[in-house]
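Read through the structure below, which is laid out as structure tokens, and then see the notes.
Since the structure is predicted, the reported quantities are computational estimates derived from the model, not experimental observations. Chain letters run A, B, ... following the sequence lines, proteins first and then strands; every chain starts at 1.
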Amino acid sequence: MPLVSVRDLKRHYDIRLTGGLFGRRAKLKAVDGVSFDLKMGETLGLVGESGCGKSTTAKLVLGLIPATSGTVSFDGSAVTAAHDAQWRHMRRRMQMIYQDPLGALDRRLPVSAQIGEPIAVHEPHVPADEREARVGEIMTSVGLRADQAASYPHELSGGQRQRVVIARALALQPDFIVCDEPVSALDVSIQAQVLNLLEDLKERNGFTSLFISHDLKVVRQMSDRVAVMYLGMIVEEGPPEDVFHAPMHPYTQALVSAIPTPSRRGKRERIVLEGDPPNPVNKPSGCPFHPRCPSAMSECREFQPMLASHGSRKVACHLRPAPSAGLIAAE
Amino acid sequence: MFAYILNRVARAVLTLIIIVSLAFVILRMSGDPAIMILGPEAPPQAVEAFRKAWGLDQPIWVQYAKYFGAVIQGDLGNSMRDGRAALEVVWERVPLTLAITVPALLLNILIGLPAGVLAALFRNTAYDRLIMMVSVIGFTVPSFVMGLTLSLLLAVWLRLLPSGGSGTVAHAVLPVVTMGIIGAAVIARFTRSAMLEVLGQPYIRTASAKGVPWSQVITRHALANAAIPTMTIIGFMVGSLVAGAVVVESVFSWPGVGRLLVTAVANRDLAVVQVILLLIGFTMVAANLAVDLLYGWVDPRMRTKTATAGA
Amino acid sequence: MSTETLPSEQADAGGSVFSSKNVLRVFFEKWPLAVLLALSWIALLVIIVAFAPFIAPYDYLAISLTDRLAPPLFLGGGWAHPLGTDELGRDVLSRLLMSVRISIVIAFLSTLIAATLGVSLGFIAAYFRGKVEQLVLMLIDAQAAMPFMIIALAVLAFFGNSLMLFTILMGFYGWERIARIARGLALSANEQGYATAVRDIGASPWRIYGRHILPNIASTLIVSMTLNFPEVILLESGLSFLGLGVQPPLSSLGNMVGYGRDYIQSAPWIMLAPSVVIVLTTLAISIVGDWLRDLFDPTLS
């Protein structure tokens, strides 16, 4: 049984466009039917342009915001967004690492108090000195010095702050961690250190994770499996080597071709996407990618392709009809 | 604009209903009026008769409905001490209170506005500092201290004015001046900061950079824009004048509504207190409504915006 | 408060680089003279509040009919009664010290009540949003629309007077401003990552608001409490002056002025001494409040 199971997850926002007498009502489909499973110990990388719904998916999976429809189950029980005692209890096993470590930390508390906070919240019976000892161990394991325990967030560097956030997330050794762009706010030189740290910690603690990034290289390094998102949907999913070396979906092909790889210059032509950048408010009918797709066909305008298995991976594209099922009309 | 007016009037009516309901709740919460008026040793028959006479034996919602009806008809019971209609007792004092509060309000505006504008224009000069130092008294000197000090100087030592009582214009001078000075200080301080904020706006800098004469920048742009926030403080001043009148009338033995309120509270003459409470509540609602409407009239943005934007 | 030591440390640090004359200048830039005087006055008040019965030369209730209406030192009186005596021969200085104590204690407790009430309601509005928030906002508007003195008088008329009720009643003064500030600050804290992050850990609302949001907004709240304090003193002294606040035999600054006013002609010192204390006290606390506001939070109007 998978640890995390996501089925047809949707999150729509009602918005009002400017113009007209009262403004036109519209629906922003941030996430529009995402499904995936996460096996115990597995890391799924979620990749896509900004605005494709990656971060919204992360929040939905953790139950931080309510879903419009669809289900998330964690270890057999449903994840809801009712912030009640049961929801709070579940946080013990699922944690998040944020993009902006300075914003995610309380600037008025020393970092040791913040790292120890999950223990104080979920294991209030643990005496203070034992909690401090555990915080010390965690700090060492994420590469923070013991003398930094009394520091305040603003006294640390960006990389150190992210280590604090990671330490806090790992304090209770949760089963599931969502990393939402954990290194994109850091300097490139620091990024590698933090990524290596995450890899080490994963090897040692064996947690399951959902790793979100717009950076294909980062996702490839961290993931056992990757899913490519476009306008709130997963368009391709599979092992990173397959997806990035032989992308099947035209959108993935374009993304991969955009990675600057000097050694392969001339080997592969860069695919430049045409048309408007994706807008989740005016989502095109049929395949959401068809207006920008270099190889769009007439059926792409009318029918939404479903995610279909192709050996080790899944693709949602009419160019790659599923070996068994064939076309499935969109609702 | 029409929607804006409607919205404001509806709010005013709602506030009035809340005030009347609150008065009713306080009246009923304060204990059994029968026992309170007749005393704990009153014979049960007397208490029963009192309850019947005042309608206290009916269910609470009937009393509430009746209370509303009575308020609308102006039938607010009799002064529990001297038996006359409470409304009449209060009403005959109203002109005396207006006789000192209206001149005081004028004095507030006539001194406070120019002082504040000048302080802002001559910012950080000796003049500005002087005005701001004097205006501190508006926040730190209680009105009774101000009143007694003026009375000590002008009435007791210099014997220029009567120290208390009413009847002649001279009697009104000290109460008016006391309230006038304190309110003027508050307005001056507020006007100065409103004016300074406007003077720091880009459009003022643009206007003066374009070569518009400074005097015209001030009169056409700065004053007009600073008037809007200043108007709200004048609405607020009505409230503090009412509160100030309670103290100042007592200091100078001026027989207005404020002094009546103090005696009524001391004697626990609930009917009179209640009438004054409602009267002040209505005055406050009316003052705020007037300011809101004036605001809508002066601020051109309000004329086009819908009611929701104004809220 | 830890932040208060900061300016003096910086001034000391300046001593190693600049000459001693500059040290003084740096010092007075950080600690303006008015603020120093105000703080000294407040320190004096604190001492009086703590030790009034030991400092007072006489029992504040002791009547001495032979010493009636003795003038103070500056009007040719003797050292026996530096501030003179009142119509019953009670020592004005002793009464003044006890009055300061009562007035400050009432203002302090009332401000604490107002702060607790305001912060609680502000947080409740920010946490529940929706109808609860609308209700709190309506209460705030209603409170702000009516002059508090009138409400206070009405409550005293209907419920009678006792020191406890009076203090609680004063505690309702200014809660709406603190509630408005607390709600605004809590809403913006909720928008910031730290509060969300703590919620995502699984912390209870009590922990989020009590341990994280409250300390983060405390400096602004302390400033608004400081600015509320002198206003409560003015309100309390006003009501006591009218004879509707603190009741004899207890004495507050306001009711000393109230009783002294009958002798304004023959013995003005009875009412002048407490008047001066009221004005200096509200002035001192306002100066410190403004100074703290500039120091902590220049955006607060």
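- With a 4.5 angstrom heavy-atom cutoff, A:L109 touches chain C only via side-chain atoms.
- Contact residues of residues 146-178 of chain A toward chain C are A:R168 (heavy-atom distance under 4.5 Å).
- Closest heavy-atom contact between A:R88 and C:P205: NH1-CD, 3.6 Å.
- The greatest number of non-hydrogen atom pairs below 4.5 Å with chain C, out of A:R92, A:M94, A:H83, is found for A:H83.
- A:R107 and C:N216 get closest at one heavy-atom pair: CG-OD1, 3.8 Å.
- Residues C:R207 and A:A120 share a closest heavy-atom pair of NH2-CB, 3.5 Å.
- Options A:L102, A:V121, A:D100 differ in how many heavy-atom pairs under 4.5 Å they form with chain C, and the most are formed by A:V121.
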Q: For side-chain contact (heavy atoms from CB on, under 4.5 Å), just list the numbers for A:E117 and C:R211, CA-CA rounded to whole Å, side-chain angles, deciding distance to a tenth of an Å, and then say yes or no.
A: CA-CA 11 Å; A:E117 186 143 33; C:R211 205 170 135 79; 3.9 Å; yes
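- For the residue pair A:Q114/C:H212, the side-chain donor-acceptor check at 3.5 Å is not satisfied.
- Put simply, NZ on A:K59 and CG on C:D200 are 9.0 Å apart, with the number rounded to the nearest 0.5 Å.
- Nearest approach of C:A197 to A:A104, heavy atoms of both residues: CB-O, 3.4 Å.
- Within 6.0 Å of CZ on C:F51 lie no more than 12 heavy atoms contributed by other residues, nucleotides or ligands.
- Closest non-hydrogen pair, C:G202 versus A:R91, comes out as CA-CG, 3.4 Å.
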**Q.** Derivation of the side-chain contact (heavy atoms from CB on, under 4.5 Å) call for A:Y98 and C:T196
**A.** CA-CA 11 Å; A:Y98 305 87; C:T196 319; 5.6 Å; no
